[in-house]
2 protein chains.
Amino acid sequence: MKDEKTEDQILDAAEKVFQRKGMDGARMQEIANEAGINKAMLHYYYRSKRFLFEAVFSKAFSIIAPEINRVINEDIPLFEKIRKFTHRYIDFIQKHPYIPNFIIQELNRDTDFINALQSKKGFPDFRNFQAQVEQEVRDGKIRAIKAEQLFIHLLSLNIFPFLAAPLLKGFLKIDDKTYKDLMEDRKEEIVNIIINYIQIKE
Amino acid sequence: MKDEKTEDQILDAAEKVFQRKGMDGARMQEIANEAGINKAMLHYYYRSKRFLFEAVFSKAFSIIAPEINRVINEDIPLFEKIRKFTHRYIDFIQKHPYIPNFIIQELNRDTDFINALQSKKGFPDFRNFQAQVEQEVRDGKIRAIKAEQLFIHLLSLNIFPFLAAPLLKGFLKIDDKTYKDLMEDRKEEIVNIIINYIQIKE
DNA sequence: ACCTTTATAAACCATTTGGTTAAACTATTT
DNA sequence: AAATAGTTTAACCAAATGGTTTATAAAGGT
């Protein structure tokens, strides 16, 4: 961290501040302080708040998007894929708990942003997953379900508990430690509820 | 709307602007314009941006919290409760699509906010639901599951698709109309996946 | 050594922003 | 109708904020 180049120090600091405060709540001066660097440097390297923000956003997205994409498009059976995705995702998000909320929040704030993202490489491609689901349905390996709904189930069950962590802790009246344990249990919970749903019963 | 008192006009305008831009992104002048009213009035009636925001937030929360609470605590069998909650919630949210995101966003921005809310009347009480789940497990009506996980499943599957609507539309490459149909289908989808999960198989 | 480019910092600036004031206007009370 | 209390507006203000400028080093090339 000591020999880190200024440009990266700024990006790291901006990451923290933007994730804490969002685009509008963040202050350039606060980012400069966090980086221990003169404010003029932010403009020197990133030109404007907007550009700096986009750099941070792209980085966050480019961390999580391939993570989703990779598992989704791997060439393994659906059951296995669901288990793998869930375990990987929850492990991953425990390390970067701010990312989902950051992305969802900014995507709701600026509706056009998603269009800019879609063109970027690494944007999750759903078609592969869809084809696989349809194939396994045809092969009689799983019940007849719509790939879209299955996909939304999977993301909902995995992502929501992290988005809504403060709210859920409030509802359930539990502390951080208990909540973390609950998330750990969810790995198998989620796999079970989904597989149980798509599995053909004898 | 014409004869509406100034105070309410302001609240309505603030609602729109805060929901569009969030606490930090919203401008007092923009709210005044939206209300077609002098900016000084906002301070006259609500004293500060913070207070105005809290009025808006409380209103949103007091619309949705009882909706959740009522169904959750109704005295009906669990299966029926899950169906009722899901149908009611999705219908409700189609009418107020901005509320979940607004609440989640601000709860993540200001962690202490949840504490202030908890004391308020109408804050969803989970204990009743928990007791019911435990009872039905003991009675052998449903599989042995933790009430917390079931509760999180239920909220995740219902709320997430609205929080992440822009993202999911991007992933699935579908338009608003198709997405709305998908949400309609989800009513039964969600009921099925959950009931299928907690049901005891013969 | 000399010059050019890159980096850093301090001071500065124009605009925006939440908030205030003082005056005017409109009920309401007496 | 005079006095009082409540409501509304335009003008104003101080602080904050994103961004710029100017000066000064440091590094790299010749």
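So you know, we letter chains A, B, ... as the sequences are listed, proteins then strands, and number each from 1.
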Mutual orientation of the aromatic rings belonging to B:Y89 and B:F85 [parallel < 30°, tilted 30-60°, perpendicular > 60°]:
parallel

Pairwise side-chain contact, [X] with [Y], heavy-atom cut-off 4.5 Å (strictly under):
X	Y	value
B:I90	B:I190	yes
A:F92	A:R88	no
A:E188	A:R83	yes

Rounded interatomic separation in angstrom, taking [atom1] from [X] and [atom2] from [N]:
X	N	atom1	atom2	answer
B:K49	C:dT20	NZ	P	15 Å
B:L42	C:dG19	CG	P	10 Å
B:M41	D:dA10	CE	C1'	12 Å
B:H43	D:dA11	NE2	P	18 Å
A:R50	D:dG18	CZ	C1'	14 Å
A:D24	C:dT17	CG	P	10 Å
B:Y44	D:dT8	OH	P	7 Å
A:I10	C:dA9	CD1	C1'	13 Å

Is it true that B:F53 and B:Y46 have ring centroids separated by less than 6.0 Å?
no

Check ion pair A:K180-A:E184 (N to O, under 4.0 angstrom):
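Salt bridge between A:K180 and A:E184, a charged N being under 4.0 Å from a carboxylate O: no.
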
Is B:T6 close enough to D:dT7 that one of its side-chain N or O atoms is under 4.0 Å from OP1 or OP2 there?
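It does not, given that no N or O in the side chain of B:T6 lies less than 4.0 Å from OP1 or OP2 of D:dT7.
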
Under 4.0 Å between any heavy atoms, over every strand shown, what does A:Y45 touch: base, sugar-phosphate, or nothing? Just pick one.
sugar-phosphate

Neighbours of DNA chain D within residues 25-40 of chain B, by heavy-atom distance under 4.0 Å
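Going residue by residue through residues 25-40 of chain B, the ones with a heavy atom under 4.0 Å of DNA chain D turn out to be B:N38, B:A40.
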
